[in-house]
Structure formats: C-alpha cells, structure tokens
2 protein chains.
Amino acid sequence: METTGMQWIKVALVEDDARVRGHLAKLIDDAPGYACVCQCGTAEEALVKIPAAAPDVVLMDIHLPNRSGIECAFRLRTALPALRILILTVYQDADVIFKALQAGASGYLLKRTSPAELLQAIAEVLRGGAPMTSEVARRVVESFRVRAPQPGAAAELSRREQEILELLARGYVNKEIGERLSIGVETVRTHLKHIYDKLHVSSRTEAVAKHLGIGLDRMRMG
Amino acid sequence: METTGMQWIKVALVEDDARVRGHLAKLIDDAPGYACVCQCGTAEEALVKIPAAAPDVVLMDIHLPNRSGIECAFRLRTALPALRILILTVYQDADVIFKALQAGASGYLLKRTSPAELLQAIAEVLRGGAPMTSEVARRVVESFRVRAPQPGAAAELSRREQEILELLARGYVNKEIGERLSIGVETVRTHLKHIYDKLHVSSRTEAVAKHLGIGLDRMRMG
DNA sequence: GGCGGCATCCCCCAAATGGGTGATTTTTGA
DNA sequence: TCAAAAATCACCCATTTGGGGGATGCCGCC
C-alpha cells in the first residue's frame with residue numbers, strides 16, 4: 001500500500017508447454033498484488049527477456065528444449081543475484097533437486113502444487129524463505145544424514161587400510177601415500193588390493209566414491 | 001485401544017525447562033488425536049524412557065544439561081530408525097542446523113513456532129515430510145549453493161566435462177564412460193585432460209576428491 | 001604351538017592412465 | 001558474420017595401476 005506500483009510482485013515464467021504457461025500466467029495475473037511480466041518458452045528466450053523484464057521471482061520449469069532449466073537458473077542468478085528462482089517441475093529426483101539448488105534456486109515445487117500454495121510460495125520466497133514441496137524437503141533433509149557404516153563395508157577395514165583410504169580420497173598417488181606413512185610403495189599397493197577386495201571394487205576411484213558415500217544413486221537428467 | 005488406538009500420534013518431549021515442557025505436554029494432550037507419552041528433562045532420561053514409551057515423534061530441544069540434544073537425537077535414531085525427531089529450539093546457526101540434520105533429525109523448528117504450526121509439523125513429519133521454519137529452510141537451501149567462480153580457483157567445466165566428472169565420481173573407467181555417453185574412449189581421455197587442466201589436478205581420483213570435496217566440507221562434522 | 005589377521009616388502013605383466021600433439025566438425029557467443 | 005569454445009577422434013610414450021603370485025615378522029587367541 002505504498003505510493004508507487006512497486007508493491008506488485010512481478011513474476012516471470014519459463015515453461016515450454018504453452019498451455020501450462022498460459023494457465024500459470026492467468027493464475028498470477030488474476031491474483032491481487034501479482035503480475036506476470038514475462039513469459040518464456042525456452043531458456044534462450046528467458047536469458048534475453050528476463051533481465052529486461054526485471055521480475056522479482058521466476059517460476060522455472062526444468063524440462064526445456066535445448067538447455068535445461070537448471071543451467072538457465074544458474075545463468076540468471078549469475079547475471080541477476082537479487083532474482084529469486086522457484087523451480088516448478090515434475091522431477092523429484094534427488095539429483096535434479098540438488099543440482100537446481102546448487103544452481104541457485106531458492107525454492108523447489110512440484111507441479112501438483114495448488115494455485116493457492118503456489119501464490120503463497122511466491123510470497124514466501126520474497127520474504128527470504130525457501131518454499132519446498134514436502135517430498136522435496138524430505139529429500140533435502142535426508143541428504144544431510146550421516147550414513148551409518150553397514151556391516152559389509154568400511155567397518156571391516158583395518159586401521160592402516162582406513163588411513164590409506166583417507167589419503168586416496170584426497171587424491172594422493174601411491175608414492176605420496178607411502179611417503180606420508182613412511183612405508184614402501186609396494187606395501188601401499190598390497191593394502192590397496194585388500195581394500196578393493198573388502199569393498200568389492202576394482203579401482204581407487206571406485207573405492208573413494210564408495211568411501212564418500214556416493215555409489216548408489218542412479219539418476220539423471222537431460 | 002489395541003488396534004484402534006494406533007491412530008493416536010504418540011509424542012515424546014525432551015526439554016530441560018520444566019515450564020516449557022509442561023506447556024508443550026498440555027498443548028499436545030489437548031489436541032485431538034495427539035498424546036504426549038513421555039516427558040524427559042535430560043538426554044540420559046530420554047535414552048532410557050523413549051525406547052520404552054515407543055513414541056512416533058520426539059520433540060527435541062538442543063540445549064540440554066550434559067549432552068546436547070544433537071547427540072541424543074543421533075543415539076535415538078541409531079537405536080530406533082523408525083522414530084522421527086523434530087528439533088524445537090532457539091538456535092538458528094547454520095552449524096547447529098546442519099549437525100542436527102546430520103544426526104538424523106527429520107525437521108527443525110524454531111521455538112517461536114505457533115501451537116497450530118507445531119501440531120501441523122508433527123503430522124507432517126509422520127507423512128514423510130520435513131517441516132522446517134522458513135529461516136531454517138533458507139539456510140539449508142543456501143548450503144547447497146555453489147560458490148561463485150573465484151578469480152583463480154574455480155575454473156568452469158563445460159557441460160560435457162561435468163557429465164564425465166559425474167561418471168568419474170561413480171567410479172566408472174574410461175571405456176564405460178564412453179559407452180554410457182556413446183562417444184569414443186579417446187574422446188573421454190581428451191575431456192579428462194581438459195578437466196584436469198581446469199581443476200589443476202593430475203589424476204581422476206584427485207578430480208573426484210575436488211569435485212566431492214565441497215560437498216564433504218558441508219556435510220562433515222567436527 | 002599353531003592359526004589367522006595384520007603389516008611389511010618383492011616380482012611380473014597386462015591394462016589403464018596421464019601427457020603431449022594434432023585434427024575435424026559443430027555450437028556458441030559477441 | 002566470424003572467431004572462440006566445445007566436442008569429437010587419433011597416435012605416441014612413459015608411468016601408474018590392478019591382479020596374480022610369494023615372503024617375512026608380529027600379535028592375539030584358542
């Protein structure tokens with residue numbers, strides 16, 4: 001209720017499906033205090049039109065022709081650090097979620113979000129919050145969890161083997177590991193063979209991946 | 001109430017301030033469908049009484065005499081994996097938040113949360129969600145943010161190079177990477193050389209360590 | 001005493017890797 | 001439009017790595 005028009009929340013859309021885009025635009029324009037100032041069907045379009053339109057918030061789809069919405073989000077955030085980006089997508093892959101947040105998204109909603117929740121989320125993100133659909137929040141929180149060592153894994157490694165695995169994970173080559181532990185390279189190699197056996201892997205990189213708790217995620221994105 | 005009684009949500013409290021504890025207990029018991037089945041003033045008490053009381057959710061304070069609520073949360077989760085733990089505290093430092101989530105907390109609320117929101121959060125966490133106060137959510141989301149390209153350190157990898165680094169981190173050898181991306185092994189090698197140049201490393205394991213390193217700094221606790 | 005696990009070292013060999021150089025085509029960006 | 005960057009592939013060569021042996025000494029444990 002200030003004196004200028006700045007109290008309007010200016011929203012931009014990046015969504016390749018024209019029907020969905022039109023539907024969202026109408027939803028936003030019909031809501032009091034909200035205005036849809038920019039509609040884009042591709043990432044390229046967004047990178048040109050959004051800086052000009054200067055919205056407060058962008059609703060960003062992830063599945064776009066050519067570039068993904070994640071890359072688009074990253075470029076927009078780099079160019080316009082004050083811009084808030086809300087992902088609005090069907091993807092609930094942990095991998096996709098993390099990449100989007102890494103790229104600078106401030107929130108992550110699934111497309112089944114109701115119109116009322118969507119408008120609330122837009123307001124919330126401008127208040128400095130981080131609106132997320134509950135599944136997304138759960139995955140995010142779970143990503144922090146410290147993995148308990150399972151019986152078949154690293155718990156079985158001897159003390160020396162664990163030391164060597166630590167150094168492996170820091171990227172040292174066998175010679176450097178030997179120097180640091182004051183043992184010969186051949187000994188390091190022997191320990192490595194035992195580590196591989198116990199972890200059921202066959203290369204140092206695989207061992208490190210397992211050690212750092214990666215391994216099991218099978219996902220991807222365009 | 002053998003089989004039908006199970007629809008009650010059983011809540012336990014761990015909170016050293018007796019007044020606050022009593023207040024919370026009353027709030028929960030007064031709410032239809034909720035029952036406070038256990039009240040604890042210390043972590044030690046919680047570790048004994050909570051397994052016996054078998055609640056669905058624990059509301060956990062962080063500031064406790066002797067041990068912290070974070071350690072208590074970790075021990076409870078280890079003993080009772082199905083138990084959901086909701087942190088309810090005044091601390092909103094990023095460090096405390098992350099440690100609590102690492103310890104296995106499923107949600108994190110600040111004490112200024114209203115009674116209605118608190119009851120909602122309890123229900124939400126049992127639906128598999130991860131209720132967080134908006135400031136907490138913001139900090140969590142920001143923790144994912146990738147550092148802006150620094151002058152000298154973070155060289156930017158091309159899209160293909162990032163894909164290859166992803167596969168590296170999963171422990172694939174060059175031939176497998178080539179197959180997965182439908183390119184020749186020589187091309188993979190070329191990309192790897194570029195990655196090493198840009199990251200200032202000289203082996204795949206080092207590259208993976210660097211790539212996963214930022215994640216580690218974020219996740220690792222002292 | 002013997003047995004197994006651990007730590008230490010040695011050798012051989014095939015495969016994978018890293019590093020250099022060069023080349024073509026497509027995509028991108030200015 | 002035009003230069004830069006990215007993506008693709010090729011060849012050579014020294015080093016590293018993985019996997020297979022085998023050997024020695026130490027320690028804890030039944």
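Lettering follows sequence order; numbering is per chain, from 1.
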Checklist line | Contact letters for nucleotides 7-15 of chain D, in which S counts primed atoms plus P, OP1 and OP2 and B counts the base, heavy atoms under 4.0 Å | finding: SBBBBB---
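Between the CG atom of B:D197 and the C1' atom of C:dG18 there is a distance of 11 Å, rounded to whole Å. Atom pair B:E176:CD and C:dT17:C1' shows a separation of 15 Å (rounding to whole Å applied). Here the C1' atom of nucleotide D:dG18 and the CD atom of A:E206 are 12 Å apart, to the nearest Å. Taking atom CG of B:L192 as the reference point, atom C1' of C:dT17 lies 9 Å away to the nearest angstrom. To the nearest angstrom, C1' of C:dC6 lies 13 Å from CG of A:L157. The CD-P distance, from A:E179 to D:dT16, rounds to 11 Å in whole Å. Taking atom CD1 of residue A:I195 and atom C1' of nucleotide C:dC6, one finds them 13 Å apart after rounding to whole Å. The distance from atom CG of B:L199 to atom P of C:dG19 is 12 Å, rounded to the nearest whole Å.
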Note to self: Assess the residue pair B:I97 and B:M132 against the criterion (side-chain contact (heavy atoms from CB on, under 4.5 Å)); give the C-alpha distance rounded to whole Å, side-chain angles, the decisive distance to 0.1 Å, and a yes or no.
What the structure shows: CA-CA 10 Å; B:I97 295 171; B:M132 290 175 278; over 6 Å; no
Checklist line | Full working for side-chain contact (heavy atoms from CB on, under 4.5 Å) between A:L13 and A:L59 | finding: CA-CA 5 Å; A:L13 299 177; A:L59 291 186; 3.8 Å; yes
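By the neighbour-count criterion of 12 heavy atoms within 6.0 Å, atom NZ of A:K175 is sparsely surrounded, having that number or fewer from other residues, nucleotides or ligands.
Nearest-nucleotide positions on DNA chain C for A:R75 and B:T205 put B:T205 closer to the 5' end.
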Under 3.5 Å, which donor-acceptor pairs do the side chains of residues 78-85 of chain B form with other protein atoms, sequence neighbours left out?
from, atom 1, to, atom 2, distance (Å)
B:T78, OG1, B:F74, O, 2.7

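Not a single ring pair (Phe, Tyr, Trp, His ring centres under 6.0 Å) links A:Y172 to another residue, sequence neighbours left out.
The two atoms that bring B:M60 and B:L64 nearest to each other are SD-CD1, 4.4 Å, heavy atoms only.
OP1 or OP2 of D:dG19 has not a single side-chain nitrogen or oxygen of A:Y196 nearer than 4.0 Å.
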